[in-house]
Number of protein chains: 2
Amino acid sequence: MEPHSDHLCLCPLEGIINIIARKWAVLVISIIGHREKIRFNEIMERLDGISPRTLSDILKDLRQANLIHRESFSEIPPRVEYSLTEDGKKLCEAVQPLIRWALERDATHSERCRGNCHDEPVSRKRKLPE
Amino acid sequence: MEPHSDHLCLCPLEGIINIIARKWAVLVISIIGHREKIRFNEIMERLDGISPRTLSDILKDLRQANLIHRESFSEIPPRVEYSLTEDGKKLCEAVQPLIRWALERDATHSERCRGNCHDEPVSRKRKLPE
DNA sequence: CTGTATCCCCAGAGATACTG
DNA sequence: CAGTATCTCTGGGGATACAG
């Protein structure tokens, strides 16, 4: 990273903020990325605490951003499979270092996550548990 | 990435969500990362649209997360310099692929940012400008 | 210069119930 | 099963003014 320019263009970053700053977005991307195809409820279960409304919302968002692909089968019961687009895959890859960083950091700071995970909600809201 | 386990532990990711999902956080990290030291107002100018209240808030957050270091000099006028901690540097590195992804993506989708940047606010809120 | 103190707004997110 | 439809609430984030 050359510190040559005094003016660092942040525009690209600004663009992705709308994506990654969405609370569950990166999680969803990662989850989908770990399978070729995954269904709505499967994602829900992974996310544990998320409500269908929220997930649906994010899925829509990611779809609009052309990061995920939605394939619905006209069956009964209905089946819908989500997968990453090429762009989404790239994003998923790009996020890996971040995850690894988080992993190390997590391990360093403390070991929660040896039990059942999800000790605390993902929320960045409610910083004071009580 | 081995798809061996059906149970992907997302805990580490959950941990960082509180950091990266904070609207300006990644931006700030990147900005600071591009210099060894940077002052409050310099960051403000880079961020262009941010209010001191918000920036201050985020800076506090990042400091608590031990990602940035704050050094204040008892001078008049006061001077405060922010820099990345070791942890922060790692994060900054970890974020690079993401930035590069965003860059490519941005270039592909359209070319804004050839003028003065900041055509549109970074906000993910207010999707309807009018 | 580097922030805090206020005030306000609204989008994100949760919960629940319900539909195709 | 895969979502929508509502409703509510919280707190992030903007703006402005002011303080040390």
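Keep in mind that the numbers below use all heavy atoms, side chains included, and drop hydrogens, waters and symmetry copies. Chain letters run A, B, ... following the sequence lines, proteins first, then strands; residues in each count from 1. Because the structure is predicted, anything quoted here is derived from the model rather than measured.
- The side chain of B/R39 lies closest to C/dT2, out of C/dT4, C/dT2, D/dC1.
- Of the listed nucleotides (D/dG13, D/dG14, C/dG3), D/dG13 has the atom at the smallest distance from the side chain of B/R22.
- Here the P atom of nucleotide D/dG3 and the CG atom of A/L62 are 13 Å apart, to the nearest Å.
- Computed from coordinates, the B/M44 CE to D/dT16 C1' distance equals 12 Å when rounded to whole Å.
- Listed pair B/S56 / C/dG3 fails the phosphate criterion, with no side-chain N or O lying under 4.0 Å from OP1 or OP2.
- Place A/K60 and A/P78 on DNA chain D by their nearest nucleotides, and A/P78 ends up nearer the 5' end.
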Practice task
Go through the steps to decide whether B/Y82 and B/L62 satisfy the test side chain to side chain contact (heavy atoms under 4.5 Å, CB included), and finish with yes or no.
Solution key: CA-CA 11 Å; B/Y82 292 94; B/L62 295 179; over 6 Å; no
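- Listed nucleotides: D/dG14, D/dG3, D/dC1. Nearest to the side chain of A/F40: D/dG3.
- One atom, CD of B/E42, and another, P of C/dG3, lie 12 Å apart when rounded to the nearest Å.
- When each of B/D57 and A/N41 is assigned the nucleotide of DNA chain D with its nearest heavy atom, A/N41 is the one assigned upstream, toward the 5' end.
- Minimum atom distance to the side chain of B/S51 is reached by D/dA15, of the listed C/dA15, D/dA15, D/dC1.
- In this structure, B/E42 pairs ionically with B/R35, as a charged nitrogen and a carboxylate oxygen lie closer than 4.0 Å.
- Rounded to an integer number of Å, the gap from A/I68 CD1 to D/dA2 P is 13 Å.
- Although no hydrogens or angles enter the test, the distance criterion places a donor-acceptor pair under 3.5 Å between the side chain of A/T85 and the main chain of A/L67.
- Remark: A/E86 engages A/K89 in a salt bridge, criterion side-chain N to carboxylate O under 4.0 Å.
- Rounded to a whole Å, the CG atom of B/L55 is 10 Å from the P atom of C/dT4.
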Problem - Check against salt bridge (charged side-chain N to carboxylate O under 4.0 Å, His left out), A/E71 and A/R79 - result: CA-CA 8 Å; A/E71 186 176 11; A/R79 180 164 55 109; over 6 Å; no
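- The 5' end of DNA chain C is approached more closely, in terms of each residue's nearest nucleotide, by B/R70 than by the other of A/I50 and B/R70.
- Between B/Y82 and C/dC1 there is no side-chain N or O to OP1 or OP2 distance below 4.0 Å.
- Atom CG in B/L59 sits about 7 Å away from atom P in C/dG3, given to the nearest Å.
- Within the 4.0 angstrom heavy-atom criterion, no nucleotide atom of any strand lies near A/F73.
- Nucleic acid contact for A/R53: base, since at least one base atom lies under 4.0 Å from a heavy atom of the residue.
- If you check D/dG13, C/dG14, C/dG3 against the side chain of B/K23, the one that comes closest is D/dG13.
- The nearest whole Å value for the distance from the CD atom in B/E45 to the C1' atom in C/dT2 is 13 Å.
- At whole-Å resolution of the value, CD1 in A/I58 and C1' in D/dT4 are 16 Å apart.
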